Trainee: 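Supplied in structure tokens, the structure appears directly below.
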Amino acid sequence: MKTKKIFMIIAGIVFGILGALMVNWGNPANMGICVACFLRDIAGAVGIHRAAVVQYLRPEIMGFILGAFISSLIFGEFRSRGGSSPILRFLMGAFVMIGALVFLGCPIRMMLRIAGGDLNGVIALLGLVAGALVGIFFLKRGFHFGRASRMKPVVGWMMPAIMVGLLLMAFFKPGFIFQSEKGPGAAFAPIILALIVGLAVGFMAQKTRMCFVGAWRDIFLVKDTYLISGVIAFFVAAIATNYAAGNFGAEGIYHWGFEDQPVSHTMHLWNFLGMSLVGLAATLIGGCPLRNCILSGEGDSDAAITVMGYLAGAAVSHNFLLASSPAGTGAWGPVAVIIGLIVCIVVASFLTERA
Amino acid sequence: MIEIDVRGFSCPIPVVKTQKAMRDNPKDMLTVLVETEVSKENVSRLAQSRKYSIEEKTVSGDEYVLTLTPPQK
């Protein structure tokens, strides 16, 4: 086996262990790491949505982006670039978030939910793959967002700079930052620990190009198993860690099944279609929320705009009652998912080179 | 000799374009102009899996030319 693949598997194992243990260290159940949920909490913390239970400046996100920034500087891979249909990437990013918040998790949390016994995650995984297959249909017909150009370094520094700003606010807690008193936003690991885990994951993900949507895409698009090897390692390590840490069983927080799972609902159709929207939109924008965070730290301003799209999508989700809760989908969540799927397909059709 | 310029495209477009060129011209040598380290790795991995031999040349900074020769049948 090639050295790179071995490194990918090791990175997946480390990430899976950390993803599971972050729950034991304070993060919400089955939410040790969730890029969508954490960005949603950040959107709440800065007040662009006012859902009181999901507001917290999650240092993991700042860690991912700054870890990738540091790693890309060390390995000489930092490249300031951008200009490949930013408005469409923003929109697709928003739809990724809307779909993720209908299911209640990004593709990483989806794997962690399954690793914590939540079988609703399996339905979502089928949806994610279905969405990715639709994305592949367009990729094979020449879909792309156009070329990016090189830009002055300062453009690429903006995202890491914004993360430093958010990190300072996480440490010094100015009065205008919202902080949940109950709910998932009030469950968090110690700030330094969360930052260190974030930096470590950001560093590894930058180096390995880990991606939780690209992994499934590459199996079908190029029959390549490099990315999926990291995801499988992540998943196996997370299950093993959950058993080893005593999270399953009578004393634990997890059990196998569909019902009564933490921060989860059992509306199978919307778990499937919500994640289909994530699979489709993420395939079009070239990667999962983690991957776009990493790229935004490497100087890719198109990815930075995508991350801004995630934050906007989170705000829209909670302001317009699209986001699900353990009780089920939000009032307008299903409508938003259908609109998202249609918009993605229409946009992709316009950007396809040959019919 | 088929030339493909995938500079500026982000993942996975460089791979998709190279794969299409391979499919359309299975007997031809391909030169792929790529820009980032990631694209270079991804296109190289595709070429390896399709048993192409790869010759890599750095044009400037982070611009590379990959010359891909199809396997002899």
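What you see is a predicted model, and the numbers here were worked out from it, not measured in a lab. Proteins get letters first, then strands, A, B, ... in listed order; numbering begins at 1 in each.
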Trainee: Can you tell me which of Asp218(A), Asp300(A), Val222(A) forms the most heavy-atom pairs within a distance under 4.5 Å of chain B?
Mentor: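 With the most close heavy-atom pairs to chain B, the winner is Val222(A).
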Trainee: If you count heavy-atom pairs under 4.5 Å with chain B, which of Lys4(A), Arg150(A), Glu77(A), Arg81(A) comes out on top?
Mentor: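 Going by pairs under 4.5 Å, I would pick Arg150(A).
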Trainee: Kindly indicate whether a cation-pi arrangement holds for Lys207(A) with Phe7(A), taking the cut-offs as under 6.0 Å to the six-membered ring centre and within 45° of the axis.
Mentor: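 Output no; distance or angle outside limits.
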Trainee: Under a 3.5 Å cutoff, is there a donor and acceptor pairing between the side chains of Thr36(B) and Ser39(B)?
Mentor: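 The answer is yes; a qualifying pair exists.
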Trainee: Check the pair Glu55(B), Thr67(B) against side chain to side chain donor-acceptor pair (under 3.5 Å), reporting the backbone distance first and the verdict last.
Mentor: CA-CA 5 Å; Glu55(B) 200 188 310; Thr67(B) 308; 5.2 Å; no
Trainee: Quick check on the interface: out of Lys223(A), His144(A), Glu298(A), who has the most heavy-atom pairs with chain B under 4.5 Å?
Mentor: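 Heavy-atom pairs under 4.5 Å are most numerous for His144(A).
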Trainee: Got a sec: does the CD of Glu3(B) have more than 12 other heavy atoms crowding it under 6.0 Å?
Mentor: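 12 or below, so no.
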Trainee: Picking from Cys211(A), Ala303(A), Gly83(A), Gly146(A), which has the most non-hydrogen pairs under 4.5 angstrom with chain B?
Mentor: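 If we count pairs closer than 4.5 Å to chain B, Gly146(A) comes out on top.
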